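This is a predicted model, so every value here is computed, not measured. When a residue number appears, it is its place in the shown sequence, counting from 1.
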Amino acid sequence: MNPLQRLARNPTAYRWLVLAGSPLIEALESVLRFLSVGRVGVLELVGLPGVRITVSGRKTGLARTATVLSAPAGEGLIVVGSNWGRRRHPSWSANLKSAQRVSVRRGRQVFTAEVRFLTGAERETAWATVLRQWPNYRIAESLAGGRQFRLFLLTPTA
């Protein structure tokens with residue numbers, strides 16, 4: 001585990017990042033993506049399992065890209081709309097909720113995936129999987145004012 005990953009996994013440091021550092025992290029993400037022509041962002045720098053998703057905007061139809069933490073689940077990936085524990089869902093999650101397919105970039109691998117919005121028991125199982133990988137989601141959840149994070153399963157298509 002690299003020192004940045006150790007810092008990010010520390011609950012106290014993560015709470016500070018969520019409360020005060022998210023604008024800094026978001027700006028750093030933009031700069032890193034620009035300088036590396038999209039190949040490297042904050043999650044890769046820290047050593048966390050992230051993906052870049054590109055989905056059509058539900059209103060504009062324009063391609064929208066977001067970097068999100070991911071958790072493996074069978075043949076697919078689970079992504080969480082935590083939005084840094086803010087009280088609103090992230091805009092990418094609304095676009096993903098209305099999409100059937102999404103383009104996913106994981107490292108150098110790019111693939112198309114089927115999108116499934118998770119609810120009920122399936123969501124609870126996925127949430128437990130995500131928390132095992134990233135327990136700090138509990139901190140973000142406590143700050144979100146009772147908002148239930150949207151969870152999506154992205155399954156690669158043939």
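Remark: R123 engages no residue in a side chain to side chain donor-acceptor pair (under 3.5 Å) (not counting sequence neighbours). Contacts of T65 classified as side chain to side chain donor-acceptor pair (under 3.5 Å), with partners at least two apart in sequence or in another chain: T54.
Contact record, Y137 with F149: O-CE1, 4.0 Å, taken as the closest heavy-atom pair. The two atoms that bring P156 and G76 nearest to each other are CD-CA, 4.1 Å, heavy atoms only. Minimum interatomic distance between A126 and L118 (heavy atoms only, all atoms of both residues): CB-CD1, 3.5 Å.
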Stepwise side-chain contact (heavy atoms from CB on, under 4.5 Å) test for I53 and S103 | CA-CA 6 Å; I53 57 171; S103 175; over 6 Å; no
After noting the C-alpha distance and the side-chain angles of E122 and T125, does the key distance pass the side-chain contact (heavy atoms from CB on, under 4.5 Å) rule? CA-CA 5 Å; E122 189 175 38; T125 300; 5.9 Å; no
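V68 and L131 fall into different hydrophobic clusters, where Ile, Leu, Val, Met, Phe, Trp and Tyr side chains are chained together by heavy-atom contacts under 4.5 Å. With hydrophobic clusters built from ILVMFWY side chains whose heavy atoms lie under 4.5 angstrom apart, L69 does not share a cluster with V79. Residues V130 and V51 do not share a hydrophobic cluster, defined by chaining ILVMFWY side chains whose heavy atoms lie under 4.5 Å apart. In the hydrophobic cluster analysis, where Ile, Leu, Val, Met, Phe, Trp and Tyr join through side-chain heavy atoms closer than 4.5 angstrom, V115 is grouped together with V104. In the hydrophobic clustering of ILVMFWY residues, with side-chain heavy atoms under 4.5 Å counting as a link, L151 and L77 come out apart.
Identified under the ring pair (Phe, Tyr, Trp, His ring centres under 6.0 Å) test for residues 92-126, with sequence neighbours left out: F117-F152.
None of E26, R105, R52 except one satisfies the side chain to side chain contact (heavy atoms under 4.5 Å, CB included) rule with T67; the exception is R52.
Atom CH2 of W134 is separated from atom OG of S70 by 12.0 Å, given to the nearest 0.5 angstrom. Rounded to the nearest 0.5 Å, atoms CD (Q100) and CZ (R116) are 13.5 Å apart. Note that CG of L96 is 11.0 Å distant from OG of S91, once rounded to the nearest 0.5 Å.
Side-chain contact between R106 and P49: absent, with no pair of heavy atoms (C-beta onward) separated by less than 4.5 Å. When side chains are defined from C-beta on, R150 counts as touching K97, because their heavy atoms get closer than 4.5 Å.
Checked for salt-bridge contact, E141 and R86 miss the test: no charged N lies under 4.0 Å from a carboxylate O.
At distances below 3.5 Å, not a single donor-acceptor pair connects side-chain atoms of N95 with backbone N or O atoms of V55. Here the side chain of R87 pairs no donor or acceptor atom with the backbone of R147 at under 3.5 angstrom. When atom types are taken as modelled, the side chain of S36 and the backbone of L32 share a donor-acceptor pair closer than 3.5 angstrom.
By the neighbour-count criterion of 12 heavy atoms within 6.0 Å, atom CZ of R58 is densely surrounded, having more than that number from other residues, nucleotides or ligands. E75 CD: 12 or fewer foreign heavy atoms inside a 6.0 Å radius.
No side-chain N or O of T112 forms a donor-acceptor pair with one of R101 less than 3.5 Å apart.
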